[in-house]
Amino acid sequence: MPELQGLYDAVVNGDQKAAVRLTKEGLDAGVEPMELLSSYMIPAMDEVGRRFECEDYFVPELLLAARAMKGAMELIRPLLTASGAQPAGRVAIGTVKGDLHDIGKNLVASMLEGGGFDVLDLGADVAPEKFVDAVENKKVDLICLSALLTVTMPSMRTTIEALERAGVRDKVKVIVGGAPVTEQFAKDIRADGYGENANSAVALARKLVMAARAA
Amino acid sequence: MSHLVHLQVPEGQSLKDVLFERGVEFPCGGLSQCGHCKVRVVEGHVPITQEMEWTLSPAELAAGWRLGCVAEAHGEVTIEVGQWEAAILADDTVIGYERGQGRGAVVDIGTTTLVAQLLDLSNGEVLDVRTSLNPQSVHGADLMSRIDFDLRSPGVLQGLIRKAVGEMLEGWNAAEALLVGNTAMHHLFCGYDVEPLSRVPFETAHGASRVFTSNELGWGGPSARVEFLPCLGGFVGSDILAGLIAVRMLESAPVIALIDIGTNGEIAIGNREAIVCASTAAGPAFEAGRIRMGMRAATGAISAVEVRHGAVRCSVLGGGEPRGLCGSGLVDAVAAALDLNRVRTGGRFTGGEKEFPLAGNVTLAQSDIRELQLAKGAIAAGLRLLGVERAMELYLAGAFGNYVSVRSARRIGLLPELPEKVTPSGNTALQGAKALLLNPTRRAELVEAALTRTTHLSLGSLPGFQDAYVDAMVFPDH
C-alpha cells in the first residue's frame, strides 16, 4: 500500500511529478479513484484554498498546486467517467469576450475540478454564443465568467443577455469574478453570484448547484 | 546668453523632484557622481553638501553651481540648468542638429504628468519648461480606467487634454509643437474612438501621426503647426518611438533595450536592423499605489533601504520622521528583506509574521510584497519574452528608472542579471521629441524608419506569457 498521505502533500506543495507518481501507484495498488479524489486531493485543494485565504499562499503557489491537481486528475478522470460516478456538477468556465487574462480563470477551474466538478474550460476571449451552446448542448449546471479589465466587464452583461435571449437563462446558474468585479456589479447584471476569489467561487458553486438540484 | 528658470519648490518636495518634472536628467541616477545635473543658483539659497564638494570644483561651487540631484531648497529659487545650455550643439550627438529659426515646442503627454519645453531653433537651447498634472487623472489613474471613462462619457477627456496642452504652450509663440504620448493619450487628444483599445487584440487602425493647426484646437495666439507623432502599435506610442531615437536604437549595431516603468511598462529591444516592442500592465505598485503605507516621493517617504551589519537602514526624504514608503523604497525594502532571509522566494514572510519593520512606525506588509510581485512579474515576463538577454545595454527611462536602485531591482527579479550595463536615462520621450524637432528635414525619414523596423508584440496573446508571468512573480534565489 503506497503512502497516500504523500499525495495530499504533493498537491499542497505543488509538486506535480510526485502527485502523478503517487496517483499512479495508488491506482496500481487498487485504491478506488473516488477514494483518491475525496480523501486526499479534495482535502489538499481545500488546504491550498485555506492557505490562500490566510495569505500564506499567493498566485504562484496556487497555480503550482493547481498544476499538480491537474496532472493527477488526468489519470483519474477517465476512470471516474467510466465508473459512472456523479460529479458535484457540470460547469462551463471562460474569460469573457475581449479579455485574454486567464490566470484567475484557470485557478478557479482547477479549484472547481478539485472540488469534484466536471469542468468544461472554454478558454479566454469567449463569445457569448459559446456559453449559450454549453447550456444547450453540454447540459451544464453552472457558468463561471471571468474578466480582469474594467473595459471587458460589459461582456459579462452581454453574455447573460445572450443566455436570456436564447431562452436558457433559467436552466443555468451564472457566477462572475475577477479583479474589477464587485458584488454590486454581479447584482446589476443579474448574475446569481459573485466569487471574490478561487476558494469562495468553489463554495458558491456548491451552494448554487445544490440549491438548484433541490428545487 | 543663458536662460534662467524661476522655480517654486513646494513644501515637502525636493529640488530634484521639481527639476525632474521639468525634464532635467540625472544620468548617474542621482548618485551625485557625474555632475551632469548641475544647476547654477542665481537667486535663493541652496546649501553646499559634501557630495557637491566631491563632484564639483571649488571654482564651480563659488560660481553658484550645485548638484541638482542632492540639492535642498525651500520656496523660490532662480537657477540656470547646466545641461540645457547648448547641450545639443556641444554633444557629439545623436542625429546632429539643423540650424533653424524661431521657436518650437515639444510636449510629453504622460498618463500622469505633462511636460512641455520651449526651444530656440537657432541654437537648440531650452528657453522655458512647464509641467502640469494630466487633468484627465480625476477620471482614473491608469489607462484602462481612462478608456473606460471615455467609452461612457465620450469627448470629456479630449476637451480636458486639449485645453491643458493649449494652456501650457500659451504665450510661447512656438511656430511648431511636437506631441508624444502613449496610444491612449494619442487617441484621446486626436479624438479617435478608443473602443479598439478596450479589448483584445488592443490594436488600433488610427495610430498614424496627426497634424493640426493650433486654431483648430481652439488655442489662442498666432497659428502654429501641431503634430502628434505616430504610435508604434498596441499601447506603445510615440513616447517610446521618441525614446528609440533618444537612445539611438535606430543606429545601434549591438542590440540594446529601452524600458519605461510606470503603471504601464513599455519595452523596446533591438538594433538598426529590427526592433520589437510591447507593453505590459504593471499596476500602481511602482508609484507606491495600493501599498499599505505607500506615498509619493515627498518629505517623510522612505526612499532607500539598505542592509548594514544585519539590520535595515532607511533613508528618509527630508531627513525627518518616516511617514511612509515610496516606489524606490518599496523595491529596496523587499530586496533587504530577501537579503536578511525574512522573505521566502515565494514572497511569504519566513516566520509567518504579518509585517517587516523598517523605521519608526513604517512597516512593510505581506500584502505590499504581493502587490510588488504582481507588478514586477509583469515587467520581468515582458523583458524575458522579448529576449532582453540579447541586449548589450538596458536604458531605464522615466522617473522610476531615475530613482530605483539597480541592485535592488535585480535582487527582486524586476531587472534581469543581463545585460550588466543599466543606464538611467530620464525622460527619453522628451529627448527624442527634441531631436526630431531640431531636425526637420530628417524627421520624416527617422519616424518612418522607427515605424517600419519596429514590430509590436501583444504579450498577452503569446502562448508562453501566462507561465512566464507566474514564474516571474517568484523572487530569485540568491
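Not measured: the values here are computed from a predicted model. Chain letters run A, B, ... following the sequence lines, proteins first and then strands; every chain starts at 1.
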> What part of B/F202 is in contact with chain A, defined as an atom under 4.5 angstrom from a non-hydrogen atom: side chain, backbone, both or neither?
Replying inline: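 Side chain of B/F202 only, per the 4.5 Å heavy-atom cut-off to chain A.
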> What part of B/Y469 gets closer than 4.5 Å to chain A, counting heavy atoms only: side chain, backbone, both or neither?
Replying inline: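 Looking at B/Y469, just its side chain touches chain A.
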>> Sub-4.5 Å heavy-atom contacts with chain A: which residues of residues 370-378 of chain B show up?
In response: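 Counting heavy atoms that sit under 4.5 Å from chain A, the residues of residues 370-378 of chain B involved are B/R370, B/Q373, B/L374.
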> Quick one: CG on A/L63 to CD on B/Q466, what's the gap to the nearest 0.5 Å?
Replying inline: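 Rounded to the nearest 0.5 Å, the CG-CD separation comes out at 9.0 Å.
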Engaged part of [X] at the chain B interface, taking heavy atoms whose separation is under 4.5 Å:
X: A/D102; answer: both
X: A/D56; answer: both
X: A/R51; answer: neither

> What residues of residues 161-196 of chain A sit under 4.5 Å from chain B when you count only heavy atoms?
Replying inline: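 Under the 4.5 Å heavy-atom cut-off, nothing qualifies.
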> If contact means a heavy atom pair closer than 4.5 Å, which residues of residues 147-160 of chain A contact chain B?
Replying inline: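 Within residues 147-160 of chain A, the residues that come under 4.5 Å of chain B (heavy atoms only) are A/L149, A/T150, A/V151, A/T152.
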> How would you list all residue pairs meeting ring-ring contact (aromatic ring centres under 6.0 Å, His included) that involve residues 134-154 of chain B, not counting sequence neighbours?
Replying inline: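 Counting only pairs at least two positions apart or across chains, the ring-ring contact (aromatic ring centres under 6.0 Å, His included) contacts touching residues 134-154 of chain B are B/H139-B/F149.
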> Given A/P60, which of B/D471, B/V474, B/T345 fulfils the side chain to side chain contact (heavy atoms under 4.5 Å, CB included) condition?
Replying inline: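 When side chain to side chain contact (heavy atoms under 4.5 Å, CB included) is applied between A/P60 and each of B/D471, B/V474, B/T345, only B/V474 qualifies.
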>> Looking only at heavy atoms and a cut-off of under 4.5 Å, which of A/L64, A/I103, A/D99, A/D125 has the most pairs with chain B?
In response: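 Sorted descending by pairs with chain B, the first entry is A/I103.
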> Considering residues, nucleotides and ligands other than B/K354, do more than 12 of their heavy atoms fall under 6.0 Å from its NZ?
Replying inline: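 Enclosed: over 12 neighbouring heavy atoms sit under 6.0 Å from NZ of B/K354.
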